[in-house]
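Single-structure report; data block below.
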Amino acid sequence: MSSALLEVTDLEAGYGPINVLHKLSLRVDRGEIVAMIGANGAGKTTTLMCLSGVVRARAGKIAFEGRDLVADRVPAHDIVKLGLAQSPEGRKIFSRLTVLENLEMGAFTRSDKDGVKADIEKAFVMFPILRERQHQAGGLLSGGQQQMLAIARALMARPKLLLLDEPSLGLAPQIVVQIFDVIKELNKAGVSVLLVEQNARMALKVAHRGYVLETGRITFTDKADVLLNDPRIRAAYLGE
Amino acid sequence: MLELFAQSETAQFGQFLLLGLVLGSLYALIALGYTMVYGIIELINFAHGDLFMLGSFLALQLSAWWLRYVVGDANSAGAVIGLLFVMLLVTPLACAALNVATDRVIYKPLRSSPKLTVIVSAIGVSFIFMNVGLFWMGATPVKFPDLIPDTNLTPDTGVVVTWKDVMVIGVTIPAMIALTLFVKFTSLGKAMRATAQNPTAAQLMGINVDRVIAVTFAIGGALAGVASVVYGLYIKAVEYQMGFQNGLYAFTAAVLGGIGNIPGAVLGGLVIGVVGELGKAYVGAKWSEALIFGILILVLLFRPTGLLGARIREKV
């Protein structure tokens, strides 16, 4: 029994006649933060959508806690129940549901009412602004607040693995720092994280390991600090 | 009818207003089916009006069977109440089942096709339903049994309110309240709203979107079924083309109120019912449709999202 929580092997996926992912393989161990960096259109979001079952894998294996989600054709709505939740790119907040209702939606697959209540309280402690705004429509929040809500909402499923797609996108630097602090804290509390980012420096600073994705293929992988110091990565992704 | 001539002007106005509200609440029930389905999968289900027509045919068929096989005497109160109960139970269930089946067999395989493909197939379904209706009851209007007495319940006011009016209000209002409570407070209702706002995010929450869509078609169909029974009892005649005109009014009501918006569909239905009837009475019957659609165009010019349409934009 390996310590891998998620083990992706030779994953292929795409839209219509176009294949976006080519034999992509990656691994997330229990307790890890793994960053996936890459340019626009490299296939980062497709990878995460594939893991969540929203985009169908065409070939390959997605083993989550040893169970192959591709071979078992596990539908998107059951994947959340297994412990794999996502905070998607662009937040995708339910704009006309209240903040509280958004959080409740995150716990849709759960039936332990008291546990859900306790987790909503935890979310409010983590992001106090959400408590203040709990009865407002999600669409009225600022970008940073929506990002906090998206993360809190994904956590409501009590995931073992949290997929984060571009949590820093469009946010003020101060808010970005705050969001990444939360990611570190969550990880300390036992949540494994697969983090997709264009902000490669921030991502590699919090991550244990990293993957570089280029046009649907993994081109580099190593410990995060090694990648941070690799001259090729520095040139291509860190703007040096 | 004689009473009408004796009415004062205010009483006459009240009478037209009542008729408008009654018809309006029927449009509203049908409009809910359009607006809910549109809200979830952005499909204008053109077959919805014809589903309503088939519902009223089924109710008519049920009453024929009831009189032939269950009770011989149509005049006993027990027989009538029993029949009403059966019609109001069986027809909505059948319409719900037919609506879900249509989605399953025809719209669902087209879910990722261009929107226009699905809309054209909905028009096709509309014609199929209409032809089924034509084969079933023929081309001429058929009398619907007059089960509810026309007794004037308010003889002193000058406005004639009958048991039929009471029945329409007594059925449509609770149906709408139940729907509102369901959508607002139940977990499935919230899942419906969430799916309408962002289907991808709904999937990421673990919501079974296919199931939510099926439930939406079921509820829309059931409401059309309720409307079809109430319509038959009120108008006392049904025919295979009734789905087209009533469906068009209901669809207009949905757009007027803000397509995808549940209270909007109710408001839109009432506005169209009242404007139509008052227009017939005070402007002339031939102008009533022009008036309705004139108001629709005016509202959409100044409020393109309809009277109660969404005002919150998605933030990106």
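Convention: sequence-line order gives letters A, B, ...; per-chain numbering from 1. These numbers come from the heavy atoms of this one structure, side chains and all, not from hydrogens, waters or symmetry mates.
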key: Contacts with chain B made by residues 101-129 of chain A (heavy-atom distance under 4.5 Å), listed by residue number   = A:E101, A:E104, A:M105, A:G106, A:F108, A:T109
ask   = Counting a contact as any heavy-atom pair under 4.5 Å apart, which residues of residues 50-60 of chain A contact chain B?
value =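 From residues 50-60 of chain A, the residues near chain B are A:S52, A:V54.
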Neighbour count above 12 (heavy atom, 6.0 Å) for [X] [atom1]:
{"X": "B:F293", "atom1": "CZ", "answer": "yes"}
{"X": "B:R111", "atom1": "CZ", "answer": "yes"}
{"X": "B:F182", "atom1": "CZ", "answer": "yes"}

Can you name the nearest heavy-atom pair linking [X] to [Y], along with the distance?
{"X": "B:K190", "Y": "A:L97", "answer": "O-CD1, 4.5 Å"}
{"X": "B:L204", "Y": "A:M49", "answer": "CD1-CE, 4.1 Å"}
{"X": "A:H77", "Y": "B:G206", "answer": "CB-O, 3.3 Å"}

message = Quick check on B:A191 against chain A: is it the side chain, the backbone, both or neither that has a heavy atom closer than 4.5 Å?
response =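 For B:A191, backbone and side chain are both near chain A.
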query = If you check every heavy atom in residues 94-103 of chain B against those of chain A, which residues fall under 4.5 Å?
reply =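 Within residues 94-103 of chain B, no residue comes under 4.5 Å of chain A, counting heavy atoms only.
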task = Mind checking side-chain hydrogen bond (donor to acceptor under 3.5 Å, both in side chains) for B:S126 and listing every partner two or more places apart, or none if nothing turns up?
result =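 In terms of side-chain hydrogen bond (donor to acceptor under 3.5 Å, both in side chains), with neighbours along the sequence ignored, B:S126 is linked to B:D50.
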